[in-house]
Amino acid sequence: MSKVRVRFAPSPTGGLHLGGVRTVLYNYLFAKKQGGDFIVRIEDTDQTRFVAGAEDYIFNCLKWCGMEPDESPLHGGPYAPYRQSERKELYRKYAEQLISNGFAYYAFDTPEDLEKMRNDFKTAENPSPQYDGNVRMQMKNSLTLPEDEVKKLLAENARHVVRIKMPAGETISFTDMIHHEVSFDSSLVDDKVLLKADGMPTYHLAVVVDDYLMKITHAFRGEEWLSSAPVHVLLWKYLFGLDNMPQWAHLPLIMGPSGKLSKRDGAKYGFPVFAMNWTDPKTSELTEGFKERGFLPEAFINLLAVLGWNDGTEQELYSMEELIENFSMDRVHAAGAKFDFEKAKWFNHEWIKKLPVTNYEARVKEIFESKGIEIKDDIYFTKVLELVKERCPLLTDFFDQAVFFYITPASYDEASVKPKWENDKNDFFAELVTKYNSTADWNISSIETEFKNLATEKNIKVGELQMILRVMLVGTKMGPGVFVIAEAIGNAETVNRIEKARVYFSSH
RNA sequence: GCCGCGUUGGUCAAGGGGUUAAGACGCCUCCCUUUCACGGAGGAAUCACGGGUUCGAAUCCCGUACGUGGUACCA
């Protein structure tokens, strides 16, 4: 059996969303599991939709996710070029081969002609007429025009396209790795354009020709392509033989709160849809990415992998290696899945807890510095992150959960302290400051022992005092153990914060 | 409209003729902590509907409904 080769074939028209990344992932996992090659081919046959920077952006996303292609326009490879716009000259000959075999034809209809046809044939039962067997003989094409006129038009370079001539009354079927037998009635499929007036192929021709030329063995794509699969199957049959056709798998769609997930859903419902931040160069509109929202690539990959796939066990957390080991296409769900941001955050939290802080502290450091907190002591920073990570589902949560390790609170949760602030409390903290000022060995147990001894001596409930101490050090009722915080921020700063708060509470 | 695909709790899902119909997220209660989390123990909540087939259907078949994708010289 020949080596497994799969491809991800994006068109560089904008950001890379969830569904796209999952398509790459399944391609990648399948290829790596079989020891095959993962190819990225850029499908840029529509120059009107070209967006500057989109291709680089896609490769950046793949890099962030840890999925490096074996072949691509960036990585090179034996089947270059990997950009369809650079392969333009290749396609025409296949289109012409189809025509000479009677499987396709030239069509000279103008956009106005097409619009007229759609209008003329439009009825209540058929709101969107297709260019198909029912109308093709009434259009302007090499099937209806006299041969010499066709020759003449071609000779004078009249604008034309090449369309596939869909046969009538055939059942076109194929085996999909996820949906199993899928079949279509060829009479109901339209004469899709194969080669456009500008000489570029459409997706339909290009995908078949390139998959053949690049020796692709398995072709995975979103389910939105299933409807046009009969065109591709026929093209394979006419051009290269069904025996050489790759195995198809049409992946279930990832749904948003209302229908197929779109980038609009992100802004609308408050969660990212793209892998990384994407700014449209034309409109300057920014669409948020999972990365910038505070996701770890490990979590992003993990949550995408199990959205539509499971290995039949109860395992939910998988590293890339484990995914490669366990992935199989036949356990991919046929039904679409609705994306749940709450669960996505849970995955991220699990990975934050699981991975050593050193794995992501550089990113957290950037967040702190962008908010004006300079990190000078990396050892201390690591320790701080370690202390708060179980309350941070997102990387961006670390700031709020840990700023107080760096700055003295500017305000206090007065509602919690005020009702309990009486003279005995004031005295207690005044004495505590004196004691702490002379504490020689500043560690958690000495801090706690001194505190509790003094409380016992003063006959005040320890718990109540601890709560007040917390508010004094943190500002609010949050964070790790109070004495742990005191130890971390140090003797001088602890004393400083207690004294500042004591004065504040006594005068308010 | 037509064509394709799909349908197990709110969400992700296991299970594919006989099960008390797993598990996870979320939600609720309790424990832990006089904080917030983490962790632990419980709880509410599901086989779209109608017909078959069968001793027995969440599981097989047929309809219906609903959802979703396509219906471009876009991918």
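Within every chain, numbering begins at 1; the chains are lettered A, B, ... in the order of the sequence lines, protein sequences first and strands thereafter.
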Under a 3.5 Å cut-off on both pairing distances, which runs of 3 or more consecutive Watson-Crick or G-U pairs involve RNA chain B?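 Stem list for RNA chain B: B:1-7 with B:65-71, B:10-12 with B:23-25, B:27-31 with B:39-43, B:48-52 with B:60-64.
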
Quick one: which of [options] gets closest to the side chain of [X]?
X: A:Glu350; options: B:A75, B:G39, B:G69; value: B:G39
X: A:Leu226; options: B:C5, B:U11, B:C73; value: B:C5
X: A:Lys260; options: B:U7, B:G69, B:U35; value: B:G69
X: A:Tyr203; options: B:A24, B:G10, B:A75; value: B:A75
X: A:Lys353; options: B:A75, B:G1, B:C38; value: B:C38
X: A:Trp346; options: B:A37, B:G6, B:C25; value: B:C25
X: A:Glu342; options: B:C38, B:U11, B:G26; value: B:G26

For a quick test of reading the model: is some side-chain N or O of [X] closer than 4.0 Å to OP1 or OP2 of [N]?
X: A:Ser128; N: B:C2; result: no
X: A:His250; N: B:G69; result: no
X: A:Lys196; N: B:C74; result: yes
X: A:His333; N: B:C12; result: no
X: A:Gln130; N: B:U71; result: no
X: A:Arg470; N: B:A37; result: no

Under 4.0 angstrom, heavy atoms only, what part of the nucleic acid is [X] near: base, sugar-phosphate, or nothing?
X: A:Asn126; result: base
X: A:Gly308; result: sugar-phosphate
X: A:Arg221; result: nothing
X: A:Val193; result: sugar-phosphate
X: A:Arg159; result: nothing
X: A:Val189; result: nothing
X: A:Thr48; result: nothing
X: A:Glu223; result: base
X: A:Asp109; result: base
X: A:Val182; result: sugar-phosphate
X: A:Ala197; result: base
X: A:Thr123; result: nothing

In whole Å, measure the gap between the [atom1] atoms of [N] and [M] for me.
N: B:U7; M: B:A14; atom1: P; answer: 10 Å
N: B:A44; M: B:U68; atom1: C1'; answer: 30 Å
N: B:U54; M: B:C28; atom1: C1'; answer: 42 Å
N: B:U8; M: B:G4; atom1: C1'; answer: 23 Å
N: B:G67; M: B:G9; atom1: P; answer: 16 Å

Heavy atoms within less than 4.0 Å of RNA chain B: which residues of residues 451-464 of chain A have one? Give them sorted by number.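 Contacts with RNA chain B under 4.0 Å: A:Lys461, A:Gly463, A:Glu464.
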
Starting from P on B:A75, measure out to CE on A:Met200 and report it in whole angstrom.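 The distance from CE of A:Met200 to P of B:A75 comes to 10 Å, rounded to the nearest Å.
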
So A:Asp210 and A:Tyr91, side chain to side chain donor-acceptor pair (under 3.5 Å) or not? Walk me through it. CA-CA 9 Å; A:Asp210 285 341; A:Tyr91 307 104; 2.6 Å; yes

Applying side-chain hydrogen bond (donor to acceptor under 3.5 Å, both in side chains), which residue pairs with at least one partner in residues 168-177 of chain A are found, sequence neighbours left out?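 Of all non-adjacent pairs touching residues 168-177 of chain A, those that pass side-chain hydrogen bond (donor to acceptor under 3.5 Å, both in side chains) are A:Thr175-A:Glu181, A:Asp176-A:His250.
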
The test is side-chain contact (heavy atoms from CB on, under 4.5 Å); show your working for A:Tyr212 and A:Trp236 and say whether it passes. CA-CA 9 Å; A:Tyr212 170 74; A:Trp236 269 98; 3.5 Å; yes

I need the single residue from A:Phe451, A:Phe505, A:Trp421 that forms a ring pair (Phe, Tyr, Trp, His ring centres under 6.0 Å) with A:Phe428. Which is it?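 Going through A:Phe451, A:Phe505, A:Trp421 one by one, the ring pair (Phe, Tyr, Trp, His ring centres under 6.0 Å) with A:Phe428 is satisfied by A:Phe451 alone.
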
A:Phe327 and A:Val332, any side-chain heavy atoms less than 4.5 Å apart: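 In short, these two side chains touch, coming nearer than 4.5 Å.
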
Could you check whether any side-chain heavy atom of A:Lys389 comes within less than 4.5 Å of a side-chain heavy atom of A:Tyr360, counting everything from C-beta outward?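 They are in contact (side-chain heavy atoms under 4.5 Å apart), so the answer is yes.
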
As an exercise, state the distance from NE2 of A:His204 to OG of A:Ser228, rounded to the nearest 0.5 Å.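 Going from NE2 on A:His204 over to OG on A:Ser228, the span is 5.0 Å.
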
Are side-chain N/O atoms of A:Thr382 and A:Glu361 paired as donor and acceptor at under 3.5 Å?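 Looking only at side-chain atoms, A:Glu361 and A:Thr382 do form a donor-acceptor pair, the distance falling under 3.5 Å.
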
Is the gap between the ring centers of A:Phe300 and A:Phe290 under 6.0 Å?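 Ring centres of A:Phe290 and A:Phe300 closer than 6.0 Å.
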
With a 6.0 Å cut-off on the ring centroids, do A:Trp225 and A:Tyr203 count as close?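 Yes: the rings meet the under 6.0 Å criterion.
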
If I compare all heavy atoms of A:Ala95 with all of A:Val162, which pair ends up nearest, and what's the gap?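 Nearest pair, atom of A:Ala95 first, then A:Val162: CB-CG1, 4.2 Å.
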
Classify the side chain of A:Ser227 and the base of B:G69 as holding, or not holding, a donor-acceptor pair under 3.5 Å.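 Such a pair is found, so the answer is yes.
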
Is A:Lys192 side chain donor-acceptor paired with the B:A72 base, going by distance under 3.5 Å alone?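 It does not, because no donor-acceptor pair links the side chain of A:Lys192 to the base of B:A72 below 3.5 Å.
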
Parallel, tilted or perpendicular: which describes the rings of A:Phe341 and A:Phe295, with under 30° parallel and over 60° perpendicular?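 Correct class here is tilted.
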
